[in-house]
A.B. asks: 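Following this message is one structure expressed as structure tokens.
Here is the naming used below: chain letters follow the sequence lines, and residue numbers restart at 1 for every chain. On a predicted model such as this, the values are computed, not experimentally measured, just so you know. Below, each value reflects all heavy atoms present in this structure, side chains not excepted, and no hydrogens, waters or symmetry copies.
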Number of protein chains: 2
Amino acid sequence: MPRRNSGQQPSARRGHGPDIEAVPFSTRNGGARISLLSEAERHQLALISSVVHVKPGAHLYEARQPAGAIFNLIHGVMKTVHPLGRSRQIVTAFLFPHDLVGLSEAGRYVNSAVALTPVTAYRMPIPALERLLRRAPELEYHFLCKVCHELRESQHHAIALGRKTAASRLAMFLHMLEHRQPTEVRNGDIHLTMSRSDIADYMALSPEAISRTFRTLRRGGILAIKNRQHVSVLDRKRFDALIDNA
Amino acid sequence: MPRRNSGQQPSARRGHGPDIEAVPFSTRNGGARISLLSEAERHQLALISSVVHVKPGAHLYEARQPAGAIFNLIHGVMKTVHPLGRSRQIVTAFLFPHDLVGLSEAGRYVNSAVALTPVTAYRMPIPALERLLRRAPELEYHFLCKVCHELRESQHHAIALGRKTAASRLAMFLHMLEHRQPTEVRNGDIHLTMSRSDIADYMALSPEAISRTFRTLRRGGILAIKNRQHVSVLDRKRFDALIDNA
DNA sequence: CGGCCCATTGACTAGTGTCAATACCTGTGG
DNA sequence: CCACAGGTATTGACACTAGTCAATGGGCCG
């Protein structure tokens with residue numbers, strides 16, 4: 001029974017193998033995120049993968065180091081940060097389960113990946129992955145879909161950074177977070193896994209600006225801030241207006 | 001002699017079929033942009049491609065429209081713009097020959113592509129391309145490399161937008177333009193195909209800020225502005241300092 | 001219970017957006 | 001060849017937003 005090999009630990013319950021999610025090109029299923037891989041494909045990937053664990057604050061890999069593998073998140077949240085002089089760093093992306101991470105250029109990682117929570121991930125060595133993809137065009141196509149998805153998200157990030165006001169940027173950030181959750185109970189509650197500084201580094205604002213803007217949105221009745229990790233959209237109409245305008 | 005067949009016109013010399021360039025993952029050829037496709041692959045793509053022409057200011061395709069094809073630029077320069085309310089638009093990318101353009105999501109284009117100069121491009125219908133890619137894993141792998149390259153460029157764009165000062169952003173923009181030219185005579189001369197407004201929309205600044213910053217850099221002896229389309233880096237050291245800092 | 005780090009708040013400054021006016025380049029027509 | 005018209009680019013004056021520095025408050029872990 002190759003499907004459910006003798007799992008030793010909790011991660012083995014969903015441990016059929018790597019899994020990646022994206023919004024596909026095609027028009028079916030109106031723009032929802034779906035799992036791209038079949039059971040067979042996950043099994044193929046599992047054969048070349050190992051599982052790694054990363055503690056909060058630790059690096060999965062570091063920029064400029066030789067790139068040996070690509071990773072697929074199973075549990076936890078990560079950020080990729082771009083080294084910037086000795087100034088404040090830039091967060092280029094937040095990564096959640098079913099995401100791919102470990103983009104390289106000329107054999108080296110282009111950024112550093114840091115865990116925000118305890119992280120579990122599949123580690124897929126690049127040579128083995130490359131061999132596998134060349135044998136399995138369908139699987140390779142799904143990787144292509146996923147990378148295109150990440151490209152769209154990066155462009156979305158750039159669009160957010162183009163907004164002039166902090167309120168507009170923060171709203172776009174929360175909107176992004178909300179839409180990465182499965183379509184389940186999307187009732188306006190948003191869980192913030194990352195710190196204010198991380199949000200600031202992602203949105204190219206100061207942590208103080210993040211605080212001030214949260215306060216402004218709360219006083220305006222647009223957001224409810226339950227605690228540092230949980231906010232809620234109260235006035236959807238004005239919230240969306242922040243995203244559309246300026 | 002398949003390499004240099006009897007060219008009829010300038011475009012025909014490189015007219016063997018679609019061609020895409022990127023910096024590959026692997027460590028060979030120290031980070032230079034190379035052509036990804038073999039002659040055979042270009043020929044395969046040529047069989048499903050047609051050639052389209054776009055006048056300056058005209059659209060190659062428009063956001064939200066059903067996506068029927070992906071395009072590969074042969075000549076000219078384009079921009080992709082994101083529709084943003086009725087406010088000023090956001091330029092998400094500039095595209096040059098050997099680039100791919102036409103990313104879709106759920107069957108529709110995610111942005112609009114506008115020609116800045118007379119443009120010639122290969123038009124590759126998505127269904128035919130998809131069939132071809134599934135038969136040709138090697139070719140598909142090269143598309144994957146190209147999309148990863150575009151992802152890195154988009155992240156680079158986001159990093160540029162994260163810079164606080166206009167001088168730093170503009171320097172990063174010029175740096176990007178310079179590095180898209182082939183490594184030939186990279187003597188500091190930079191050709192600006194796009195208008196000041198386009199630069200402003202790409203860097204999330206006002207056109208006035210672009211003008212002011214050009215003036216500041218010229219007065220500081222960092223840049224020489226020959227005319228509206230040609231600038232030149234005079235003080236490379238301080239120019240690079242603008243890119244690294246802030 | 002205490003210490004540490006993160007988050008928040010306030011005062012001030014610096015830099016960009018905005019609005020308005022002028023100068024410049026391009027292509028057109030006389 | 002020159003004059004003209006349109007759009008683009010530049011320049012200036014002013015308002016406004018976010019950055020910075022500094023200090024306080026709050027939560028979490030030892």
A.B. asks: Rounded to whole angstroms, how far apart are CG on A:L170 and P on D:dA18?
C.D. replies: 11 Å
A.B. asks: When you measure from the side chain of A:S211, which nucleotide among C:dT8, D:dT10, D:dA18 comes out closest?
C.D. replies: C:dT8
A.B. asks: Over how many whole Å does the gap from B:R212 atom CZ to C:dG15 atom P extend?
C.D. replies: 12 Å
A.B. asks: Decide if the gap between the ring center of B:Y122 and the ring center of B:F71 is smaller than 6.0 angstrom.
C.D. replies: no
A.B. asks: Quick one: B:L192 CG to D:dA9 P, roughly how many Å, whole number?
C.D. replies: 10 Å
A.B. asks: Can you check whether B:R163's main-chain N or O pairs, donor with acceptor, with B:R169's side chain at less than 3.5 Å?
C.D. replies: yes
A.B. asks: For B:K146 and B:D19, what are the C-alpha separation, side-chain angles and deciding distance, and is it a salt bridge (Lys or Arg N to Asp or Glu O under 4.0 Å)?
C.D. replies: CA-CA 11 Å; B:K146 179 59 173 174; B:D19 194 12; over 6 Å; no
A.B. asks: Would you kindly compare B:M194 and B:R219 by the position of their nearest DNA chain D nucleotide and give the one closer to the 5′ end?
C.D. replies: B:M194
A.B. asks: Do any N or O atoms from the side chain of A:T92 and from the backbone of A:T80 form a donor-acceptor pair under 3.5 angstrom?
C.D. replies: yes
A.B. asks: So, is B:S197 near the phosphate of D:dA9, with a side-chain N or O under 4.0 Å from OP1 or OP2?
C.D. replies: yes
A.B. asks: Out of D:dA9, D:dA18, D:dT20, which has the shortest distance to the side chain of A:T165?
C.D. replies: D:dA18
A.B. asks: Kindly say whether B:G107 contributes a backbone atom to a donor-acceptor pair with the side chain of B:S104 at under 3.5 angstrom?
C.D. replies: no
A.B. asks: Go through it in stages, so that I can follow the logic: the residues are A:R236 and A:E178, the test is salt bridge (Lys or Arg N to Asp or Glu O under 4.0 Å), and I'd like the CA-CA distance, side-chain angles, deciding distance and then a yes or no.
C.D. replies: CA-CA 12 Å; A:R236 178 65 64 174; A:E178 194 178 11; 2.8 Å; yes
A.B. asks: By a strict heavy-atom criterion of less than 4.0 Å, which residues belonging to residues 200-209 of chain A are in contact with DNA chain D?
C.D. replies: A:A204, A:L205, A:S206, A:E208, A:A209
A.B. asks: Rounded to the nearest angstrom, tell me the gap between atom NZ in A:K164 and atom P in C:dT18.
C.D. replies: 6 Å
A.B. asks: Starting from C1' on C:dT9, measure out to CZ on A:R218 and report it in whole angstrom.
C.D. replies: 12 Å
A.B. asks: Go through residues 221-231 of chain A and report each residue with a non-hydrogen atom lying under 4.0 Å from DNA chain C, sorted by number.
C.D. replies: A:R228
A.B. asks: Hey, is the main chain of A:R228 close enough, under 3.5 Å, to the side chain of A:R196 for a donor-acceptor pair?
C.D. replies: yes
A.B. asks: Would you kindly give the CD1-to-P distance between A:I210 and C:dT8, to the nearest whole Å?
C.D. replies: 10 Å
A.B. asks: Measure from the side-chain heavy atoms of A:R196 and tell me the nearest of C:dA7, D:dT20, D:dA9.
C.D. replies: C:dA7
A.B. asks: When we call it a touch if two heavy atoms are under 4.0 Å apart, what does A:R215 touch: a base, just sugar-phosphate, or nothing?
C.D. replies: sugar-phosphate
A.B. asks: Just the rounded figure in Å: distance from P of C:dT16 to CZ of B:R169.
C.D. replies: 8 Å
A.B. asks: What is the separation between atom CZ on A:R163 and atom C1' on C:dT16, rounded to the nearest whole Å?
C.D. replies: 18 Å
A.B. asks: Under a 4.0 Å threshold between the charged nitrogen and the carboxylate oxygen, would B:D99 count as salt-bridged to B:R33?
C.D. replies: yes
A.B. asks: Any salt bridge linking B:K226 with B:D189? Criterion: basic side-chain nitrogen under 4.0 Å from a carboxylate oxygen.
C.D. replies: yes
